Amino acid sequence: NIDEIRQNFQLYIAKVFQTSQQQQILALWSRYVDYRKELSKLQVQQPAQESYQYFQAIFDSMHDLKQRFFSNPEIEGLFGTEDIYQQYTLDRMRILENNALDAGAKAKQLQQRFEQLPQDWQDNLKDLSKLDDLRSLTAQIKARNGSAQELRDMRVNLVGEAATQRLEQLDQQRSDWKQRV
């Protein structure tokens, strides 16, 4: 339970850190525990749905809550990495939900947003993000009976010419297999 966790944490802090640091650490930890309690009570005034606006409202509410408990340097230290990923995910959702853009423009904006990430993030998310974007945009194009050229343009913008050629080859192999079956 939380009282046991608090006691064990205090014992750990007493063993590892100097007396001057202990009070700062314990005060920050106490605020973090209070933040987590308030976070569990957080409610967004919109019905739950899988949309950019809904998740942006949650992210904004969480950010406001963080500012009630922590300074900006503390927020950066405690949540900086998580916030970068959440904002990137929200930006991707916003682009994918933008019906004013065709699939090629979406692919281009997704690639531009990806390139704004720090290099280590790009290395970690490269394949995962591109695969997810490729699946989503391909499904959108096929759902509205988009043209083969539109599909090709989107793929080129997102994964490049060589990968697009391999995907087209895979599409052909799948089509051939379906015809044989």
Side-chain angles (χ1 to χ4, degrees), residues 1-101 103 106-140 143 158-159:
N1 67 34
I2 190 68
D3 292 330
E4 291 175 34
I5 294 171
R6 187 182 315 269
Q7 183 180 9
N8 289 337
F9 186 71
Q10 288 173 342
L11 289 172
Y12 170 76
I13 296 301
K15 288 180 185 177
V16 176
F17 294 95
Q18 297 175 1
T19 306
S20 61
Q21 298 170 320
Q22 291 175 14
Q23 290 307 313
Q24 286 180 305
I25 294 169
L26 291 173
L28 178 61
W29 187 76
S30 179
R31 284 185 286 134
Y32 182 79
V33 170
D34 292 343
Y35 161 77
R36 294 295 300 205
K37 286 178 187 175
E38 289 298 312
L39 185 61
S40 69
K41 299 174 189 174
L42 189 68
Q43 295 181 359
V44 177
Q45 301 301 325
Q46 295 181 13
Q49 53 184 327
E50 295 284 328
S51 72
Y52 161 74
Q53 286 87 7
Y54 174 72
F55 288 112
Q56 183 66 58
I58 291 173
F59 184 72
D60 292 343
S61 295
M62 289 173 63
H63 182 71
D64 293 344
L65 189 60
K66 289 172 190 173
Q67 290 188 322
R68 285 186 24 216
F69 287 92
F70 307 107
S71 68
N72 285 336
E74 290 170 338
I75 291 170
E76 179 62 31
L78 291 169
F79 308 104
T81 301
E82 178 183 340
D83 288 348
I84 289 171
Y85 182 72
Q86 287 178 346
Q87 189 59 59
Y88 170 69
T89 301
L90 286 168
D91 291 345
R92 286 183 64 240
M93 288 180 76
R94 179 182 42 79
I95 292 166
L96 289 169
E97 289 180 14
N98 186 346
N99 293 327
L101 299 174
K106 286 180 183 181
K108 191 172 191 173
Q109 283 191 13
L110 287 167
Q111 182 62 29
Q112 289 171 346
R113 178 59 182 101
F114 180 79
E115 290 169 357
Q116 292 171 359
L117 288 170
Q119 187 60 47
D120 58 331
W121 280 80
Q122 288 182 33
D123 295 341
N124 290 333
L125 293 174
K126 182 187 227 176
D127 295 332
L128 181 62
S129 291
K130 284 191 180 188
L131 180 60
D132 190 41
D133 295 343
L134 187 63
R135 286 180 180 156
S136 178
L137 292 172
T138 299
Q140 287 179 14
L158 194 60
V159 296

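Fair warning: this is a prediction, and the values are worked out from it, not measured in the lab.
Taking CZ of Arg36 as the start and CG of Leu42 as the end, the distance is 11.5 Å to the nearest 0.5 Å. The distance from atom CG of Leu39 to atom CG of Asp34, rounded to the nearest 0.5 Å, is 12.5 Å. Distance OG/Ser51 to CE/Met93: 6.0 Å, rounded to 0.5 Å. Rounding to the nearest 0.5 Å gives a distance of 10.0 Å between CG of Leu26 and CZ of Phe17. If you take OH on Tyr52 and OG1 on Thr89, they are separated by 12.0 Å, rounding to the nearest 0.5 Å. Separating the CD1 atom in Ile75 from the CD atom in Gln67 is a distance of 5.0 Å, to the nearest 0.5 Å.
Remark: the Gln112 side chain and the Gln116 side chain contain no N/O donor-acceptor pair separated by less than 3.5 Å. Side-chain contact annotation: Gln87 with Asp83, donor-acceptor N/O pair under 3.5 Å absent. Side-chain contact, Gln22 with Gln18: no donor N or O sits under 3.5 Å from an acceptor N or O.
Gln122 places a side-chain N or O within donor-acceptor distance of the main-chain N or O of Glu115, the cut-off being under 3.5 Å.
When the shell of 6.0 Å around CD of Gln7 is examined, it contains 12 or fewer heavy atoms from other residues, nucleotides or ligands. By the 6.0 Å contact criterion, CD on Gln24 is open, its count of non-hydrogen atoms from other residues, nucleotides or ligands being 12 or less.
Residue pairs meeting the ring-ring contact (aromatic ring centres under 6.0 Å, His included) criterion with at least one partner in residues 57-82, sequence neighbours excluded, are Tyr35-Phe70, Tyr35-Phe79, Phe70-Phe79. The salt bridge (charged side-chain N to carboxylate O under 4.0 Å, His left out) contacts involving residues 91-100 comprise Asp91-Arg94, Asp91-Arg113, Arg92-Asp132, Arg92-Asp133, where partners must be two or more places apart or lie in separate chains. Counting only residues at least two apart or on different chains, the salt bridge (charged side-chain N to carboxylate O under 4.0 Å, His left out) pairs with a member in residues 6-33 are Arg31-Glu74.
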Kindly determine whether Val33 and Ile5 satisfy side-chain contact (heavy atoms from CB on, under 4.5 Å), including the steps that lead there. CA-CA 11 Å; Val33 170; Ile5 294 171; over 6 Å; no

Before giving the answer on side-chain hydrogen bond (donor to acceptor under 3.5 Å, both in side chains), spell out for Asn72 and Glu76 the whole-Å C-alpha distance, their side-chain angles and the decisive distance to 0.1 Å. CA-CA 6 Å; Asn72 285 336; Glu76 179 62 31; over 6 Å; no

Derivation and outcome, side-chain contact (heavy atoms from CB on, under 4.5 Å), residues Tyr88 and Trp121: CA-CA 10 Å; Tyr88 170 69; Trp121 280 80; over 6 Å; no

